[in-house]
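First the structure, in the form of C-alpha cells, and then the observations on it.
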There are 2 protein chains.
Amino acid sequence: MLSREALSGYDLKGWMERPVGFFWEARHSQIYPELARLEAAGMVSHELVEQEGRPDKKVYEITPVGLEALKGWVVAPLEPRGARDELVLKAYSLWLADPEKALALFREHERLHEERLRRYEETNAWMEREWGDDLDLPGSPHFASYAALRRGILNERGYVEWCGWVVNRLKAGGGLSESG
Amino acid sequence: MLSREALSGYDLKGWMERPVGFFWEARHSQIYPELARLEAAGMVSHELVEQEGRPDKKVYEITPVGLEALKGWVVAPLEPRGARDELVLKAYSLWLADPEKALALFREHERLHEERLRRYEETNAWMEREWGDDLDLPGSPHFASYAALRRGILNERGYVEWCGWVVNRLKAGGGLSESG
DNA sequence: TAACCCATGTAAACGGTTACATGATTTC
DNA sequence: GAAATCATGTAACCGTTTACATGGGTTA
C-alpha cells in the first residue's frame with residue numbers, strides 16, 4: 001500500500017476495509033507496531049503532519065530500501081499454505097447435524113457470499129469504467145488491483161455455487177443414512 | 001475425524017495429509033497436545049494398544065459428551081474470516097515486479113493448482129464409484145466428505161482460471177504503465 | 001548403511017486477535 | 001446527549017509453526 005502512496009496507520013486501516021480487505025486484513029493493533037518495526041528496519045519512514053480540528057498523524061512512505069525488498073518479495077517463491085476454511089470443516093461433520101439448522105447455516109452463508117460477490121462485481125465494473133486501458137498494463141498499479149479483485153470474484157462465485165449445492169442436497173436429503 | 005472412527009494421534013496426522021488436508025491441516029505438534037486437552041475436557045478418551053514390531057499407540061475415541069459438543073459446533077453460527085491469500089497479496093504488488101519472474105511465479109502456481117485439481121477430481125470419481133447413493137444422504141459421513149471435496153474442486157478450478165488469466169495478461173503485457 | 005515409517009511428545013518463537021487505554025471533533 | 005470519526009498506541013492471550021528430542025523396525 002505504501003508503494004502506491006504515503007499513508008498513515010489510520011489510512012492503512014481504512015484501506016484494509018475496502019479495497020485491500022478483499023484479500024487481506026489486519027487490525028490497527030497489528031498495523032501500528034508493524035510500521036514501527038518496518039521503520040526500525042529502514043523500510044519506511046514517517047513525517048509528522050499536524051492538523052487542525054483533528055489529531056496529528058504520522059504519514060509513512062516507503063524508502064528505496066523498502067521498495068527493493070518489496071520487489072524481491074513479490075517474485076519470491078511461495079509454497080501454498082493448506083486451506084483452512086471453517087465452513088468446509090463443518091461440512092465435513094454435516095452428517096451429524098440437525099438438518100434444519102444445517103440448512104439455515106448454509107443458506108446464511110450463501111446469502112453472505114452472494115452479497116460479497118455483488119459488491120466485488122460492482123467494484124469490477126467501476127474499475128473497468130474508470131481505469132480502462134490501464135487494466136491491460138502489467139506495470140500499472142491499476143492492473144494489479146484489478147488482478148487481485150478478479151481472484152476475489154472467482155472465489156466468491158465458487159463459494160456461492162458450493163453453498164447452493166449443499167443447500168439443495170440438504171433440502172432433497174433423505175434423512176439419516178439408514179433410516180427413512 | 002474421531003466421530004467417524006477411533007484413531008491414534010499418528011493416524012490423525014495421516015488423515016491430515018490426504019482426505020482432510022484438502023480443507024484443513026495440522027502438524028503432529030498440534031495434534032498431541034490437543035488430544036490431551038480434549039481428554040482433560042472429557043471430549044475424548046484413549047486406550048493404550050500394544051503392538052508387536054512397532055511402538056504402542058494410544059487410540060482415541062470420542063465420548064458422548066464430545067459428540068454432543070461436536071453436533072452443537074457444526075450448526076453454530078460462524079462469521080467468515082477475511083481471506084488471507086499470499087499469492088493474491090503478491091498480485092496486488094505485481095506492477096512492481098520483474099515481468100519474467102512474475103510470469104514464472106504464476107505459471108508455477110497454475111501448474112500446482114492444476115495438479116491439485118486433477119487429484120481432487122480423481123478422488124471425486126473414486127467417491128462416486130465407491131459410495132454411489134450415499135452421496136445423496138445428508139446423514140451419511142460419505143456425503144459430508146463429498147461435500148467438503150466439492151468445495152476444494154470449485155476452489156481449485158477458480159484458482160487455475162485466475163492464474164491462467166494473470167499469465168495471459170503478463171505475456172501480452174505492455175511493459176510499464178507509461179513507457180513502451 | 002541410509003532413508004523412511006511408526007509413534008509420541010516438548011519448548012521456543014511467531015503472527016494475530018481481543019481487550020485495554022486515551023481524547024478531541026463532528027454529526028445525528 | 002450519544003454515537004461516530006479521526007488518530008495512536010500497549011498488553012495479554014491464543015493458535016500455530018519450527019525445531020528439539022527419542023527410538024525401534026523396515027525397506028532400498
Side-chain angles (χ1 to χ4, degrees), chain A residues 1-2 5-18 20-21 23-41 43-61 73 78-86 88-90, chain B residues 1-2 5-18 20-21 23-41 43-61 73 76 78-90:
Chain A
M1 287 182 260
L2 295 182
E5 63 187 86
L7 296 165
S8 70
Y10 191 82
D11 294 331
L12 290 167
K13 173 181 155 283
W15 283 42
M16 283 293 174
E17 264 141 43
R18 246 211 329 172
V20 173
F23 55 91
W24 204 267
E25 58 164 20
R27 313 246 175 269
H28 77 276
S29 59
Q30 193 180 0
I31 291 168
Y32 291 113
E34 185 61 26
L35 283 170
R37 205 188 60 79
L38 285 170
E39 186 156 45
M43 304 288 189
V44 304
S45 62
H46 83 268
E47 188 186 313
L48 195 76
V49 175
E50 283 167 52
Q51 299 182 117
E52 278 162 45
R54 47 175 66 182
D56 298 348
K57 60 179 175 179
K58 295 181 181 178
V59 176
Y60 288 83
E61 60 178 11
W73 169 82
L78 167 71
E79 53 267 61
R81 289 269 125 232
R84 274 224 176 114
D85 186 321
E86 203 172 331
V88 184
L89 197 60
K90 284 181 190 244
Chain B
M1 288 182 258
L2 295 182
E5 65 187 86
L7 297 164
S8 69
Y10 191 81
D11 293 332
L12 290 166
K13 174 182 154 283
W15 283 43
M16 284 292 175
E17 265 142 42
R18 246 208 333 168
V20 173
F23 55 91
W24 204 266
E25 60 164 19
R27 314 243 175 272
H28 78 276
S29 59
Q30 194 179 358
I31 292 167
Y32 292 113
E34 186 61 25
L35 283 170
R37 207 188 60 80
L38 285 170
E39 186 156 45
M43 304 288 189
V44 303
S45 62
H46 83 269
E47 190 186 312
L48 196 78
V49 176
E50 284 168 51
Q51 297 183 117
E52 281 162 41
R54 47 176 67 183
D56 298 349
K57 60 179 174 180
K58 295 183 181 176
V59 175
Y60 287 84
E61 60 179 10
W73 169 82
L78 166 72
E79 52 268 59
R81 288 269 125 231
R84 276 227 175 113
D85 186 322
E86 204 173 330
L87 193 64
V88 184
L89 197 61
K90 284 180 190 244

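Residue numbers start from 1 in every chain, and the chains themselves are labelled A, B, ... in the order their sequence lines are given, proteins ahead of strands.
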Rounded distance in Å - CG (A:D11) to P (D:dC6): 9 Å
Side chain proximity check, A:Y32 to A:L12, heavy atoms < 4.5 angstrom: no
Could you tell me how far apart B:K57 (NZ) and C:dA7 (P) are, to the nearest whole angstrom? 5 Å
On DNA chain C, check which nucleotide each of B:Y60 and A:E52 is closest to and give me the residue with the more 5' one. B:Y60
Roughly, in whole Å, what's the span from CG in A:L35 to P in D:dT8? 9 Å
Ignoring backbone atoms, establish whether A:K58 has a side-chain N or O less than 4.0 Å from OP1 or OP2 of D:dG9. yes
So does A:Q51 get a side-chain nitrogen or oxygen closer than 4.0 Å to the phosphate oxygens (OP1/OP2) of D:dA7? yes
Distance check, rounded to the nearest 0.5 Å: B:L78 atom CG versus A:E86 atom CD? 4.5 Å
For A:K13 and C:dT17, what is the distance between atoms NZ and P respectively, to the nearest whole Å? 14 Å
Taking A:E47's backbone N and O only, do any of them form a donor-acceptor pair with A:K58's side chain (distance below 3.5 Å, no angle check)? no
Once rounded to the nearest 0.5 Å, what's the spacing between atom CD of B:E34 and atom OG of B:S29? 11.5 Å
Indicate yes or no for a side-chain donor-acceptor contact from A:E25 to the backbone of A:E17 under 3.5 Å, with no hydrogens or angles considered. no
Flag side-chain contact, heavy atom, 4.5 Å: B:L89 against A:W73: yes
Heavy-atom check, side chain of A:M1 versus side chain of A:V20, under 4.5 Å: yes
Rounded to whole angstroms, how far apart are CG on A:L7 and P on D:dA7? 12 Å
In whole angstrom, what separates A:E50's CD from D:dA7's P? 14 Å
With a 4.0 Å cut-off, would you call A:K57 and A:E50 a salt bridge? no
Tell me: CH2 of A:W24 to P of C:dG16, nearest whole Å? 6 Å
Would you list the protein and nucleotides 12-14 of chain C atom pairs, both N or O, that sit under 3.5 Å from each other?
none

Starting from P on C:dT10, measure out to CZ on B:R37 and report it in whole angstrom. 15 Å
Tell me whether the OP1 or OP2 atom of D:dT8 has a side-chain N or O from A:Y32 closer than 4.0 Å. yes
CD1/B:I31 to OH/B:Y10 distance, rounded to the nearest 0.5 angstrom? 11.0 Å
Any chance you could list the contact pattern along nucleotides 17-28 of chain D? Use B for base contacts, S for sugar-phosphate-only contacts and - for none, protein heavy atoms under 4.0 Å, 5' to 3'. BBB---B-S---
